[in-house]
Q: 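This is the structure I have questions about; it appears just below.
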2 protein chains.
Amino acid sequence: MVTIADVARHAGVAASTVSYVLSGKRTISTDTRERVQRSVRALGYRPNASARALASQRSNVLALVIPLRTGMHVPVMMQFAAAVVTTARRYDHDVLLLTADEGPEGLERVAQSSLVDALVVMDIELADERVPVLRELPMPSVLIGYPDDADGLTCIDLDFVAAGAHCVDHLADLGHRSLALLGTPSAVYERQTGFAQRTLTGFADAAERRGVVGVETPCEHTFDAILHTVRELLDEHPDITGLVVQNEPIIGPLLDVLRRLGRRVPDDMSLVAICADDVAERQVPQLSSVSIPAERIGDQAVESLITKLEGGDVPALTLLPPALTARESSCQAPHRDLTTA
Amino acid sequence: MVTIADVARHAGVAASTVSYVLSGKRTISTDTRERVQRSVRALGYRPNASARALASQRSNVLALVIPLRTGMHVPVMMQFAAAVVTTARRYDHDVLLLTADEGPEGLERVAQSSLVDALVVMDIELADERVPVLRELPMPSVLIGYPDDADGLTCIDLDFVAAGAHCVDHLADLGHRSLALLGTPSAVYERQTGFAQRTLTGFADAAERRGVVGVETPCEHTFDAILHTVRELLDEHPDITGLVVQNEPIIGPLLDVLRRLGRRVPDDMSLVAICADDVAERQVPQLSSVSIPAERIGDQAVESLITKLEGGDVPALTLLPPALTARESSCQAPHRDLTTA
DNA sequence: ATGGGGTGTCGAAGCGCTTCGACTGGGGTA
DNA sequence: TACCCCAGTCGAAGCGCTTCGACACCCCAT
């Protein structure tokens, strides 16, 4: 293993000079700089990460906390994760992967042992037990999602309240008077997961504001559950003509179930999903949807973190405005509804 | 930040004694040990990871390389990843997440900077460009999957050749004489990804051995692609009564497509999938399947790595035998086929 | 009483880097 | 000509830990 001393010897300078060449923290003459750089390349020198971290008090590693809890949709999580890794690398940082197994103590462990410089925390519940820990930690963190009490935290999220409302507005604008929200599995609500709760709120408030009927139901992932949930929903509310779906993995089977129940999309039933664009576009018919900008959120989370590490200021809460793209799955409500209205 | 010196002072011993208490590498009197442990708790001491890594030449971090390339099925990948993280923690290691963006140099970077002690590498191609790099690296690695030339490497995988053969045998045993393999997206084959290629080989060889017709086709993820692929397949080979599916995300839509094409499962068409058990069980009808033991493979990968780190020997290639579970989607071939045979 | 072998503890060196203060020499200013 | 300043470089200290060799001390055997 080649050390900075080897490079220094090879280039005929002091080790500190090599360090300054590499970091750029002091001016170095062109001549010396090039000589050192040549030695670095010739010897294939790579600074030892631990030594660097010990001396500089910076590990250049970010923690990424992905609980992977039941009911969560993994591909979406990974879109966030991939964006975080990519952006972190752009700022010369690596990413340590933490799952939920360790609970809040896991965060303390990596933070207090200086394994990482900062944390990105995903899948936030309204009363998340990790939040008090994060507040006390001696290093910056960014939450993807936000708890009820976000005091002193930095949070980034899609504005799910607005997303829920957008869906209602879109359908109400098309003349639909009776809507349902087909949500995530009930475990997600029971945990009081932020994005699910807030969509619910946005949906319910908007329905009231628009004077339309809005009912909500969770939905599990199995085909039987979907069939049962939808059948019961339509039995109890036969006049429903608009469905908002926030549950990516059930989208395929749901279309199937609706067909089975004799409801054509969009003629008998309009659909708006809250999901990634590519998922919406892959369906038949293509779904009107509010997209989840996972990449942008992941990017921004890392950028905020880097800014905080450099002592900069970032907004406490960044809510990205949702965008609804109308595709084939939503259209004017059937006539009888319009006349009733 | 409390250091080992603080603990030593608080307990009235030398710093080295504290270190030995923590590591157990020398005998310490019960009295001293307990006093030190009390001080550790009282001060909330956590060893500094960088200092420890620098002094001991061990970072206690494993790299997990997940390319996340196009066509891969993310949830399966994440099952591996979750297992790797969990098992790594059991051995007091953390996991650094690397994606493909950096290519082989990324591996060199983390290895040569001593950021990690060892690597777990996923999604191996038959002629993987990372393999020569891994061979030269001054630290152990384990591949999940295996390349054509696995000399000097440690690899763990499901025996996909046997998996492909199992599916054929199962269907042939049920009297099916004409089978098709509905595979991964063509990008995966073009990359010569190990698991896909080997399943193909196992499928083709077994078909020949059993004297049945076996055709193969890749299949993209969109609904239209599935419809088109299956329709074409059945047009060209109308006598096909058995389908082997190695493409998790298309399973739902595929059942839909078959229904649309007027083929009942299993009466007109038997289906065997190569996928996670929970996915197979979630379908209607439930799918006969060869399961992918992601958790066991992830576990074992880490365990082999730890063994290697401790100087132990591990087998160069561990192939887990596939297990086929018969469920509702496969049954005896329709009579006319049996009489033909 | 004396020597020998454990057992338990200590001090110091060193892991490879960053960073601070100090030093040198050359160029500009007074 | 004398002085100062700055660019460029060096040496040393120190980051917090592990580990090695040394050294007490106690107990047992002689």
Side-chain angles (χ1 to χ4, degrees), chain A residues 1-37 39-40 43-61 92 109-117 138 309, chain B residues 1-37 39-40 43-61 92 109-117 138 309:
Chain A
M1 189 116 299
V2 24
T3 74
I4 200 172
D6 299 327
V7 176
R9 208 170 307 122
H10 187 273
V13 298
S16 52
T17 302
V18 176
S19 178
Y20 286 123
V21 167
L22 260 30
S23 70
K25 290 190 179 172
R26 282 203 182 171
T27 48
I28 299 285
S29 67
T30 313
D31 182 52
T32 306
R33 188 171 350 107
E34 284 173 357
R35 197 147 32 87
V36 168
Q37 283 165 343
S39 297
V40 165
L43 301 180
Y45 169 66
R46 301 259 188 180
N48 178 300
S50 315
R52 177 176 277 202
L54 180 59
S56 67
Q57 314 275 41
R58 279 294 182 83
S59 67
N60 272 33
V61 175
D92 198 30
R109 184 176 62 79
V110 297
Q112 291 176 3
S113 65
S114 297
L115 232 190
V116 304
D117 294 335
L309 279 173
Chain B
M1 188 115 301
V2 25
T3 73
I4 200 172
D6 299 326
V7 176
R9 209 170 306 122
H10 187 272
V13 298
S16 52
T17 303
V18 176
S19 177
Y20 286 123
V21 167
L22 260 30
S23 70
K25 290 189 179 173
R26 282 202 182 173
T27 50
I28 299 284
S29 67
T30 313
D31 182 54
T32 305
R33 188 175 345 110
E34 284 173 357
R35 198 148 31 88
V36 168
Q37 283 164 345
S39 298
V40 165
L43 301 181
Y45 169 66
R46 302 257 188 180
N48 178 298
S50 315
R52 180 175 274 202
L54 179 58
S56 67
Q57 313 276 37
R58 278 294 182 81
S59 67
N60 274 32
V61 175
D92 199 31
R109 184 177 62 81
V110 296
Q112 291 176 2
S113 65
S114 297
L115 230 192
V116 303
D117 293 334
L309 279 173

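These numbers come from the heavy atoms of this one structure, side chains and all, not from hydrogens, waters or symmetry mates. Residue numbering restarts at 1 for every chain, and letters A, B, ... go by the order of the sequence lines. Nothing here was measured: the structure is a model prediction, and the numbers come from that model.
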Q: Under 3.5 Å, side chain of A/Arg33 to main-chain N/O of A/Ile28, donor-acceptor pair present?
A: yes
Q: Remember a base hit wins even if backbone is also touched, and classify A/Ser29 as base, sugar-phosphate or nothing at under 4.0 Å, heavy atoms.
A: sugar-phosphate
Q: How many whole angstroms separate atom CZ of A/Arg26 from atom P of D/dC6?
A: 15 Å
Q: So, A/Arg46 side chain and B/Ser113 main chain: donor-acceptor pair closer than 3.5 Å or not?
A: no
Q: With rounding to the nearest 0.5 angstrom, report the CD1 to CG distance, B/Ile4 to B/Leu22.
A: 6.5 Å
Q: As an exercise, state the distance from OG of A/Ser114 to CE of B/Met1, rounded to the nearest 0.5 Å.
A: 5.0 Å
Q: From the 5' end of DNA chain C to its 3' end, which nucleotides mark the outer limits of contact with chain A, defined by a 4.0 Å heavy-atom distance cut-off (strictly under)?
A: C/dG16 to C/dA22
Q: With rounding to the nearest 0.5 angstrom, report the CG to CG distance, A/Leu115 to B/Asn60.
A: 9.0 Å
Q: Specify the residues of residues 1-13 of chain B, ordered by number, for which at least one heavy atom lies under 4.0 angstrom from an atom of DNA chain C.
A: B/Gly12, B/Val13
Q: Using a strict heavy-atom distance below 4.0 Å, which residues from residues 52-60 of chain A are in contact with DNA chain D?
A: A/Leu54, A/Ala55
Q: Strictly distance-based, threshold 3.5 Å: is any side-chain N or O of A/Asp117 a donor or acceptor partner for the main-chain N or O of A/Arg58?
A: no
Q: State whether the side chain of B/Asp6 and the backbone N or O of B/Leu43 hold a donor-acceptor pair below 3.5 Å, judged by distance alone.
A: no
Q: Can you give me the closest heavy-atom contact between A/Ala53 and A/Ser59, atom names plus distance?
A: CB-CA, 3.8 Å
Q: Examine distances only and state if a side-chain atom of A/Ser19 and a backbone atom of A/Ala15 form a donor-acceptor pair shorter than 3.5 Å.
A: no
Q: At less than 3.5 Å, do the side-chain atoms of A/Arg35 and the base atoms of D/dG8 form a donor-acceptor pair?
A: no
Q: Quick one: does A/Ser56's side chain have a donor or acceptor within less than 3.5 Å of a partner on A/Arg52's backbone?
A: yes
